[in-house]
Amino acid sequence: MPECPELHLAGRFINGACGALVFAGGVERSAVGRGPEVPFRSEAYGISALARGKELRLTLSALDAAAGPPAQDLVFRFGMSGSFRLCPAAELPRHAHLRFLTRESPPRALCFVDPRRFGSWRLGDAWQPERGPCVVSEYQAFRENVLKNLDDRAFDKPICEVLLNQKYFNGIGNYLRAEILFRLKIPPFEKARTVLEALKEQEQERRKKDPSLTLSKKVKLKQENPDLLELCHTVPMEVITAEKPLLDPEHSDNYAAFKNWLQCYLVPGMSSLRDRNGRTIWFQGEPGPMAPKGQRPRKTPRKKSPQPKAEPEALSPEVSGFVAVSGRAAARAVLRLLRRSP
């Protein structure tokens, strides 16, 4: 499921790729899109984007504000598989449920693509009221929102479940929670309040010991000893600001860099359990005192050791029959053989 890095990167992609483009006409909607018709039409308009947590807002603005229609805002949730793509209008991808056409010839289309149709959009500029401050763009407000509400019953749950509560951790999802807890060696099924109250106490003690710390020293201490709330900001930022894009909206099928970045989520050798919401959490070590009863942690299988390369005269049936295979099947066969080679 797209998490805050994907939403922020989608916003960056839209602003970068579409900032100089002129769009025209009405907004096209597929018959099965999970959102309303968009009552906006203009002979020339621009598109800008802003991400917040797990939501993204598009603003459609007529280039001639005096003669054109009022600006139209739409707020998107990406669901399980939502994304934005810019492509030739004559070559629309499947499941392009909302389309904004450029005025150039031949026209291009900015498309909201969602194969699983869990994503949606709504009219207006309002963010969902039940979502807290964004862990990326509103870090200080996010931190304060968590620490001042620790008496909420939500924090009676395991920390791995609370990290998915968007009222407090807007933007954190399944892979981010695993990476954050792994780096701090926090058992995923430790009680959330226990973890966060200790953090609050540490912060108060630090201020008492040295209330005169300069800003630069505070920054250095945080970099050397980040706490859970700080990692909720810095771990997503690693994905967003990586020199080589870890999640590239223009090449959404290329996740090699992202997989290399992961330290825990889906990583061979890690354990996993289902939380009480049915979501799988990956971790290392003990699960913690609030682990679901009746479940045993499952290990993510490690990669098999490479097998010795076969001698030319002892080719397997799969190899000897390779010449008869074509297309994608041939590519898969080649990859299998390469994985077996030392």
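All heavy atoms count here, side chains included; hydrogens, waters and symmetry mates do not. Model, not experiment: these values are computed from the prediction. We count residues from 1, following the sequence as given.
In terms of heavy-atom proximity, Leu246 sits nearest to Trp261 at CD1-CG, 3.6 Å. Across all non-hydrogen atoms, the minimal contact from Leu63 to Gly46 is CD2-N, 3.9 Å. The shortest heavy-atom contact between Pro188 and Pro158 is O-CB, 3.8 Å. Closest heavy-atom contact between Asp275 and Cys160: CB-SG, 4.4 Å. Taking all atoms of both residues into account, the shortest heavy-atom contact from Leu9 to Val239 is CD1-O, 4.3 Å. Of all the heavy atoms in Gly119 and Asp114, the pair that sits closest is N-OD2, 2.6 Å.
Glu179 places no side-chain N or O within 3.5 Å of a backbone atom of Leu262 that could act as its donor or acceptor partner. When atom types are taken as modelled, the side chain of Asn170 and the backbone of Gly132 share a donor-acceptor pair closer than 3.5 angstrom. Of the possible polar contacts, none joining the Arg298 side chain to the Ser271 backbone as a donor-acceptor pair under 3.5 Å is found. Looking at Asn145, its side chain never comes within 3.5 Å of a backbone N or O of Ala141 through a donor-acceptor pair. Under a 3.5 Å cut-off, the side chain of His233 and the backbone N or O of Val135 do form a donor-acceptor pair. Using a distance-only test at 3.5 Å, with no hydrogens or angles considered, a donor-acceptor pair links the side chain of Arg29 to the main chain of Gly35. Not one N or O on the side chain of Gln72 forms a donor-acceptor pair closer than 3.5 Å with the backbone of Phe40. Remark: the backbone N or O of Ile172 is paired with a side-chain donor or acceptor of Gln166 at under 3.5 angstrom.
A heavy-atom distance below 4.5 Å is not found between the side chains of Arg108 and Leu101. Leu123 places a side-chain heavy atom less than 4.5 Å from the side chain of Pro39. Looking at heavy atoms from C-beta onward, Ser272 lies out of side-chain contact with Lys299 at the 4.5 angstrom threshold. With a 4.5 Å cut-off on side-chain heavy atoms, Leu74 and Arg57 do not count as touching. Counting heavy atoms from C-beta on, the side chains of Val22 and Tyr45 never come closer than 4.5 Å. Contact check for Leu196 versus Leu229: side-chain heavy atoms found under the 4.5 Å cut-off. The side-chain heavy atoms of Leu199 and Val195, taken from C-beta on, include no pair separated by under 4.5 Å. Under the 4.5 Å side-chain criterion, counting only non-hydrogen atoms from C-beta, Glu138 is in contact with Arg52.
In the hydrophobic clustering of this structure, Leu150 groups with Tyr139; members are Ile, Leu, Val, Met, Phe, Trp, Tyr whose side-chain heavy atoms approach within less than 4.5 Å, directly or through other members. Leu60 is not connected to Trp127 by any chain of hydrophobic side-chain contacts under 4.5 Å among Ile, Leu, Val, Met, Phe, Trp and Tyr, and they are in different clusters. Follow the hydrophobic side-chain contacts under 4.5 Å out from Leu181 and you never reach Phe189; the two are in separate clusters. Phe13 is connected to Leu98 through a chain of hydrophobic side-chain contacts under 4.5 Å among Ile, Leu, Val, Met, Phe, Trp and Tyr, so both are in one cluster. Leu92 and Leu86 fall into different hydrophobic clusters, where Ile, Leu, Val, Met, Phe, Trp and Tyr side chains are chained together by heavy-atom contacts under 4.5 Å.
For the residue pair Gln140/Arg143, the side-chain donor-acceptor check at 3.5 Å is not satisfied.
By the 6.0 Å contact criterion, CZ on Arg276 is enclosed, its count of non-hydrogen atoms from other residues, nucleotides or ligands being greater than 12. The neighbour count for Glu286 CD, taken as heavy atoms of other residues, nucleotides or ligands under 6.0 Å away, does not exceed 12. Other residues, nucleotides and ligands contribute at most 12 non-hydrogen atoms within 6.0 Å of the CZ atom of Arg77. Shown here is Glu43, whose CD atom has no more than 12 heavy atoms of other residues, nucleotides or ligands within 6.0 Å.
The CG atom of Leu56 sits 11.5 Å away from atom OG of Ser83, with the distance rounded to the nearest 0.5 Å. Distance check, rounded to the nearest 0.5 Å: CZ of Phe100 to SG of Cys111 gives 9.0 Å. Glu144 contributes atom CD, which lies 8.5 Å from atom CG of Leu147 (distance to the nearest 0.5 angstrom). Rounding to the nearest 0.5 Å places NE2 of His8 at 8.5 Å from CE of Met237. Going from atom CZ of Arg131 over to atom SG of Cys134 covers 10.0 Å, rounded to the nearest 0.5 Å. Considering CG of Asp125 and CG of Leu58, their distance stands at 12.5 Å, rounded to 0.5 Å.
A salt bridge links Glu55 with Arg122: the distance from a Lys NZ or Arg NE/NH1/NH2 to an Asp or Glu carboxylate oxygen falls below 4.0 Å. Lys167 and Asp152 are joined by a salt bridge, as a carboxylate oxygen and a charged side-chain nitrogen come within less than 4.0 angstrom of each other. Salt-bridge check for Glu161 with Arg279: failed, with every basic side-chain N at 4.0 Å or more from each acidic carboxylate O.
Ring centers of Tyr265 and Phe182: at least 6.0 Å apart, outside the cut-off. Ring centers of Phe142 and Phe169: under 6.0 Å apart, within the cut-off. Two rings, from His97 and Phe112, have their centers 6.0 Å or more apart. Less than 6.0 angstrom separates the ring centroid of Phe84 from the ring centroid of Phe76. A distance below 6.0 Å separates the ring centres of Phe155 and Tyr168.
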Test log, rule side chain to side chain contact (heavy atoms under 4.5 Å, CB included), inputs Ile180 and Leu228: CA-CA 7 Å; Ile180 291 164; Leu228 184 140; 4.2 Å; yes

Chi angles and distances behind the side chain to side chain contact (heavy atoms under 4.5 Å, CB included) call for Phe283, Met270: CA-CA 6 Å; Phe283 61 95; Met270 295 295 163; over 6 Å; no

Pair Ile47-Ile14, side chain to side chain contact (heavy atoms under 4.5 Å, CB included): steps then yes or no: CA-CA 8 Å; Ile47 296 179; Ile14 292 167; 4.1 Å; yes

Worked check of side chain to side chain contact (heavy atoms under 4.5 Å, CB included) between Arg183 and Leu231: CA-CA 9 Å; Arg183 294 188 187 195; Leu231 285 187; 4.1 Å; yes

From CA spacing to verdict: side chain to side chain donor-acceptor pair (under 3.5 Å), Arg12, Asn15: CA-CA 5 Å; Arg12 180 190 296 177; Asn15 290 331; over 6 Å; no

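Just one of Val136, Leu176, Leu163, Val146 meets the side chain to side chain contact (heavy atoms under 4.5 Å, CB included) condition when paired with Cys232; it is Leu163. Among Val162, Leu164, Ile159, the single residue meeting the side chain to side chain contact (heavy atoms under 4.5 Å, CB included) criterion with Arg177 is Leu164.
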